[in-house]
Amino acid sequence: MKSYYITTPIYYVNARPHLGHAYTTIVADTLKRFHRMLGEDARMQTGTDEHGDKIVKAADKAGMTPQAFTDEISGQFRALWPQLNIDYDGFIRTTDEAHKRSVQALLQRLYDQGDIYFGEYGGHYCYGCERFYTEKELVDGMCPQHLTKPDYISEKNYFFKMSKYQEQLRRHILDNPDFIRPERYRSEALAMLEGGVLEDLCISRPKSRLTWGIELPFDKDYVSYVWFDALANYITALGWPDNEDDASGTYRRYWPGEHLVAKDILKPHGIFWPTMLMAAGIPLYKHLNVHGYWLVKDTKMSKSLGNVVDPLKAAGHFGLDAFRYFLIREMNFGSDASYSAESITTRVNADLANDLGNLFSRVLSMNAKYFESKIPPLGDQDDADLLLSENTDNAAENYIALFGEMRLSQALEALWAPIRAMNKYVDEQAPWTLAKAGDTARLGTVLRTLLENMYKVAYLLWPVMPDSSATMQAQLGRPQGEFSGDALHDVIKYRMHLRTGLAIAPASNLFPRLEMPREEAPAKPEKKAKPAQPAAAQPAAADEAPKSPVEFSDFQKLDLRVGVVLAAEKHPNADKLLRFDIDLGEGKPRQILSGIAAFFKPEDMVGKKVVVVANLPPRKIRGLESQGMILTAGSAGGLALLTADAPAGSPIA
Ligand code: MSP
């Protein structure tokens, strides 16, 4: 069985997990799930990086010992991931005894073969980056990352002969165009290798300056440089070197793997690590996948600006799968992306509530209405039906290919083409017209065609939105099972997946519309002040611009129905709103919210036969979901209810 090993950086424990960490880790989880669905033996590895000055300083500040401090923050990372539905297989801490022993073995190997030497070094040291900078790398004498003045330090240390492997690495990158991807980061790495002779890497720190690290096996007065220790985690986590020659051990099973990092740590991963591997005689990783930075409203996230996004809060607020979807869809892998409550609301409402959620909601409720929620048989398919399925299959192939190239946003975009095509197909095939005409066979074929294509899309979305995908599959009567073989290609290959006659969900409400955050809602054009009006009902048209004409076919899209008010009460969290249970002839009443509390008493509403717009996407208002809209006549001055004396559910045309 082919194996797949994906790693995240191991995160520093000097800060709480934030949006940036969550993004990388969610992408790693998504990739692992994707490769599982391809039938591969997939493993995901993450963890925490716990040695070095930075951590000691943070522990000091918190008034804790480094060990107690790292235990606490590492615990926060470990506890967070499952709450974001991240299914990691290994969590390494660089303070684990096994890791320390393995790093010492790596150091000893390089030392014994003469790749580590002792020498004097003077350089500009940035404590924030935990590294020396050359004169050339400084920007106006400042650290390019932290914009602070580094300290000039001169001391005796151990060095790794990185320059010895420079040409070999350059050749490898030239011969393997996707070794570092996307391209812009490959070029950046090549530029580092082509800009002159690489300086050898200082891989030790004297204990007189720092004790919180892994002791060098060949000199107890020194500890390892934190990056040397940290990079090795990718193999020590697999049990290297104890199982280096064991063909059935974890190391041989998964290495070489794939790394996932952001652009901030390109150099250690693109230069230090591959040369370390070359020196140790270990195969190089397969790909270094480098993504950009999440900005918050176009500004760098930082504690001092107070704009650090807590991923758990965001997932709780917007919905976990909506959050995961947004992160993967919004960031063009490799480039920076901007996070804001407004951008997530816009994206989720457009793609999830309007496109995907609405498709499930309307098709399942039509299937409930016309076929008592049973899956209808497929009759003869016409060109439109075949084209729809072909579209889905092509998009699914693209989705898989783009995922493989780490073009994750484009992969999701590809999958949205058939989702939109399905909504259009519903409008064009107009199942309600077929129902009116009594053409049950054609009606069944249309709905069955839709249900089968919806199943494929739902199934393919599992790596990105595991919970919602499982719910959608279950709603279609085929709950997610264990994967076997190449499940991803299999789902495309077969045309039919659902069982004729099986009862499926009568309704679906997966992604309620999000309310645009108040302070960020696009400003409405200001209305000119008007002279005070008497408090009598004013015809609404009087102060509204004439509306442009609509096509009759657009008007027909409205599902207007008579609804009987079964219950009415004040909304618990909003004075202007009433909450209704309304019978629309569907067997189960709908909850509808309406901003008419100033005009009607709840007790007067019960029993009224009102006119309801029944096919608006469900929307959450002040914590409660509204599944339709009651029509009224008039304006803010006074309101009249639109009523119709007909049984519940009667269509209005
Ligand atoms: N400990 C080192 C990594 C050692 S790996 C052998 C480290 N830790 S870190 O906590 O600073 O994490 C950096 C990583 O966190 C980035 O490479 C990226 O994966 C993630 N992100 C942190 N901030 C980010 C953004 N603002 N945007 C996107 N990802 C970012 O470096």
Side-chain angles (χ1 to χ4, degrees), residues 6-29 31 44-55 58 70 73-74 76-77 80-81 86 90-95 99 102-103 106 126-131 145-146 185 213-214 224-237 257-274 276-277 285 288-303 305 307-311 314 326-328 330-340 408:
I6 181 77
T7 68
T8 73
I10 48 173
Y11 303 112
Y12 286 132
V13 288
N14 61 343
R16 301 168 65 81
H18 61 58
L19 174 71
H21 307 121
Y23 172 73
T24 315
T25 316
I26 288 172
V27 170
D29 174 72
L31 290 168
M44 175 189 157
Q45 174 72 39
T46 187
T48 44
D49 187 357
E50 307 187 3
H51 289 127
D53 292 314
K54 223 200 272 251
I55 311 299
T70 52
I73 311 262
S74 177
Q76 286 177 8
F77 276 93
L80 168 65
W81 301 140
I86 288 163
F91 188 99
I92 193 169
R93 300 182 57 185
T94 52
T95 49
H99 171 77
S102 301
V103 169
L106 176 62
C126 170
Y127 283 93
C129 302
E130 309 242 6
R131 58 169 283 206
Q145 290 279 337
H146 293 88
Y185 299 110
I214 301 177
S224 163
Y225 167 43
V226 63
W227 269 105
F228 190 95
D229 151 12
L231 287 162
N233 95 86
Y234 300 129
I235 53 171
T236 66
E258 294 272 334
H259 298 317
L260 196 58
V261 297
K263 61 184 186 181
D264 56 334
I265 50 177
L266 172 64
K267 188 167 185 185
H269 286 83
I271 311 288
F272 303 173
W273 179 227
M276 284 163 63
L277 289 167
Y285 53 76
L288 177 63
N289 304 291
V290 187
H291 62 78
Y293 250 46
W294 277 100
L295 305 173
V296 172
K297 292 193 196 159
D298 298 320
T299 312
K300 204 172 166 177
M301 235 186 319
S302 87
K303 243 193 205 163
L305 288 176
N307 64 351
V308 177
V309 178
D310 176 339
F326 168 79
L327 292 183
I328 294 181
E330 192 81 2
M331 179 173 263
N332 181 15
F333 195 89
S335 311
D336 291 350
S338 189
Y339 180 94
S340 67
L408 308 177

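First listed ligand is number 1; within each ligand, the first listed atom is number 1.
Among protein heavy atoms, the minimum distance from atom 27 (N) of ligand 1 is reached at Trp294 N, 2.8 Å. Nearest protein neighbour of atom 22 (C) of ligand 1, counting heavy atoms only, is His18 CE1, 3.6 Å. Regarding atom 13 (C) of ligand 1, its nearest protein heavy-atom neighbour is Asp264 OD2, 3.6 Å. Of all protein heavy atoms, the one closest to atom 12 (O) of ligand 1 is Tyr11 CD2, 3.6 Å. Considering only non-hydrogen protein atoms, atom 3 (C) of ligand 1 sits nearest to Ile10 O, 3.2 Å. Looking only at protein heavy atoms, the nearest one to atom 30 (C) of ligand 1 is Gly20 CA, 3.6 Å. Of all protein heavy atoms, the one closest to atom 9 (S) of ligand 1 is Tyr12 CD1, 3.7 Å.
Per-residue contacts place Tyr234 under 4.0 angstrom from the following atoms of ligand 1 (heavy atoms of the residue considered): 5 (S), 6 (C). Of all the atoms in ligand 1, the ones that sit under 4.0 Å from a non-hydrogen atom of Thr24 are 18 (C), 19 (O), 20 (C). Here is the list of ligand 1 atoms found below 4.0 Å of a heavy atom in His291: 19 (O), 28 (C), 29 (N). Per-residue contacts place Asp49 under 4.0 angstrom from the following atoms of ligand 1 (heavy atoms of the residue considered): 1 (N), 2 (C), 4 (C). Taking a cut-off of under 4.0 Å to the non-hydrogen atoms of Ala230, the atoms of ligand 1 that pass are 6 (C). In the vicinity of Met301, heavy-atom distances shorter than 4.0 Å reach the ligand 1 atoms 26 (N). Atoms of ligand 1 lying under 4.0 Å from any heavy atom of His269, numbered from 1 in the order shown and given with element: 5 (S), 6 (C). Interface atoms of ligand 1 facing Gly292, defined by a heavy-atom separation under 4.0 Å, are 28 (C).
Residues passing the salt bridge (charged side-chain N to carboxylate O under 4.0 Å, His left out) test with Arg93, sequence neighbours excluded: Glu50, Asp71.
The side-chain heavy atoms of Leu327 and Trp294, taken from C-beta on, include a pair separated by under 4.5 Å.
Side-chain polar atoms of Thr48 and Ser74 form a donor-acceptor pair below 3.5 angstrom. No side-chain donor from either of Thr7 and Tyr285 sits under 3.5 Å from a side-chain acceptor of the other. At a cut-off of 3.5 Å, with distance as the only test, no side-chain donor of Tyr185 or His269 sits close to an acceptor on the other residue.
Assignment of Tyr293 to the shell around ligand 1 is supported, since a heavy atom sits closer than 4.0 Å.
Only the side chain of Trp227 comes within 4.0 Å of ligand 1, counting heavy atoms alone; its backbone N, CA, C and O stay farther away.
What you find for Asp298 and Ser338 is that their closest heavy atoms are N-OG, 3.0 Å.
Side chain of Lys263 to backbone of Gly292: no donor-acceptor contact under 3.5 angstrom is found. A side-chain donor-acceptor contact under 3.5 Å links Asn289 to the backbone of His259. A distance-only check finds no donor-acceptor pair linking the side chain of Ser335 to the backbone of Met331 [under 3.5 Å]. With hydrogens and angles ignored, the 3.5 Å screen pairs no side-chain donor or acceptor of Asn14 with any backbone N or O of Ile55.
When Val290, Val27, Ile265 are checked for heavy-atom proximity to atom 31 (O) of ligand 1, Ile265 turns out nearest.
Taking a cutoff of 4.0 Å between a charged side-chain nitrogen and a carboxylate oxygen, Arg16 and Asp310 do not qualify as a salt bridge.
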